[in-house]
There are 2 protein chains.
Amino acid sequence: MSTTPGRSDAGLLYRRYLSAVMLHGHASAKACDLGATDLYALNILELTGPMTPGELGTRTGLTTGPTTRLIDRLEQAGYVRRVPAPDDRRKVIVEPIGKPAELDQVMAPARQKVGAILAGYSAEQLDVLFDYFDRAAHAYQEAAELLRSDSGAVCP
Amino acid sequence: MSTTPGRSDAGLLYRRYLSAVMLHGHASAKACDLGATDLYALNILELTGPMTPGELGTRTGLTTGPTTRLIDRLEQAGYVRRVPAPDDRRKVIVEPIGKPAELDQVMAPARQKVGAILAGYSAEQLDVLFDYFDRAAHAYQEAAELLRSDSGAVCP
DNA sequence: AGATTTATCTTCTCTGAAGAAGAGAATATG
DNA sequence: CATATTCTCTTCTTCAGAGAAGATAAATCT
């Protein structure tokens, strides 16, 4: 902990970083006239590809009812499409078919700034950073799943 | 961009990382029986120290009405306290005076996992990572402020 | 083969949070 | 001393999420 003098406030620095990321996520959703969850769901669909409402609900942390209405909103806005699943006629596949027009413009400042920061690192340093991003993504995903299953059962 | 073959999907990897961070933030708030905004505001107060409702509203991206009720909720839960400002009797200072009891327990899995990841890096590599965290935090904060001021004025 | 159970999605109603507009109190400025 | 500005709080309306209940299709069992 106290090996490097500049890292005594590492935890604080890290939390500030997470706070900034979350604030920006919220602000960009609002700039697209979307709720935070809506933009988040759209992001998941684009990253992971088409999926059923059930899976989308699991990934967003929503129950089935709100998930249907979330898809309704996205479909009405023209960002996703409902397609019947070919193998199972109970299922529906939610496909991303578009993005908010303002999204690129909204994300531009952050992309530009982060790009400029990353451009200042050497190839080896970038390897370290992206290695961390990859591992941390899995870590947070697992931690979030743990929280969802533990809901209310915090006492052993 | 295409210098390193393994980094062609850097953007994708990075977005997955941000998604995981946001999902975890949302899940942990729910695990504390708080709204995402409430936990976020509490986090800001702990990181930055006491501030007026106006500043808290600006930082959370809320307008004045919801900010008052946000503080009401936090005050009723015993997490913050309203103190009259000594220099200006219009103002109120919001002070953090506690945290949700479950917070440490909720954050434990993520902290442990991220700690384990960070423990695997050398001192030089950690310097790179925390240098990035620091710069990126400022970048996202600036980008978020830009979005808030540009709201609706996307066309030049 | 027919009936039952399971799974998936949707609909409905209720609670809670965010936005908009306005009021009241205190400070700063002319 | 009077006016304008700043800051917070209050009220009303709108929208998103939780939960229970219902409908349709697939899988399983007898």
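Every chain is numbered from 1 and lettered A, B, ... according to where its sequence line falls, protein lines coming before strand lines.
Residue Lys30(B) places its side chain closer to dA18(D) than to any other of dC9(D), dA18(C), dA18(D). Listed nucleotides dA17(C), dC9(C), dA26(C) differ in distance to Thr68(A); the shortest reach to its side chain belongs to dC9(C). Across dT27(C), dA25(D), dG19(C), the shortest atom-to-atom separation from the side chain of Arg89(A) is found for dA25(D).
Straight-line distance from the CG atom of Asp38(B) to the P atom of dA17(C): 7 Å, rounded to whole Å. If you measure from atom CG of Asp33(B) to atom C1' of dG16(C), you get 14 Å, rounded to the nearest angstrom. With rounding to whole Å, Asp87(A) atom CG is found 15 Å from dA25(D) atom P. Taking atom CG of Leu70(A) as the reference point, atom C1' of dT11(C) lies 16 Å away to the nearest angstrom. Distance, Leu34(B) CG to dA18(D) P: 15 Å, rounded to whole Å. The interatomic distance linking Ile71(B) (CD1) with dA18(C) (P) rounds to 12 Å, in whole Å. Going from atom CZ of Arg82(B) over to atom C1' of dT10(D) covers 12 Å, rounded to whole Å. Rounded to whole angstrom, the span from the CG atom of Asp72(B) across to the C1' atom of dT11(D) amounts to 13 Å.
Within the structure, a side-chain polar atom (N or O) of Arg73(A) is placed less than 4.0 Å from OP1 or OP2 of dG17(D). Between dA18(C) and Thr37(B), a contact under 4.0 Å exists linking OP1 or OP2 to a side-chain N or O. Contact annotation: Thr63(A) side-chain N/O to dG19(D) OP1/OP2 distance is not under 4.0 Å.
Side-chain atoms of Thr64(B) come within donor-acceptor range of the base of dC9(D), with a qualifying N/O pair under 3.5 Å. Evaluation of atom-type donor-acceptor distances gives no pair under 3.5 Å for the side chain of Arg90(A) against the base of dT24(D).
Along DNA chain C, the nucleotide nearest to Pro66(A) and the one nearest to Lys91(A) differ in position, and the one closer to the 5' end is contacted by Lys91(A). Ranked by how close their nearest DNA chain D nucleotide is to the 5' end, Thr52(B) and Arg69(B) are led by Thr52(B).
Aromatic ring pairs are classed by plane angle as parallel below 30°, tilted from 30° to 60° and perpendicular above 60°; the pair Tyr17(A) and Tyr140(B) is tilted.
Gly65(B) comes within 4.0 angstrom of a base, heavy atoms only. Residue contacts for Leu62(A): at a heavy-atom cut-off of 4.0 Å it reaches the sugar-phosphate backbone alone, with no base atom in range.
Taking all atoms of both residues into account, the shortest heavy-atom contact from Leu47(B) to Ser19(A) is CD1-OG, 3.8 Å.
When atom types are taken as modelled, the side chain of Tyr121(B) and the backbone of Leu129(B) share no donor-acceptor pair closer than 3.5 angstrom.
Under the 4.5 Å side-chain heavy-atom criterion for Ile, Leu, Val, Met, Phe, Trp and Tyr, Leu45(B) and Leu34(B) are members of the same hydrophobic cluster. The cluster map of Ile, Leu, Val, Met, Phe, Trp and Tyr, joined by side-chain heavy atoms under 4.5 Å apart, puts Leu62(A) and Val80(A) in the same cluster.
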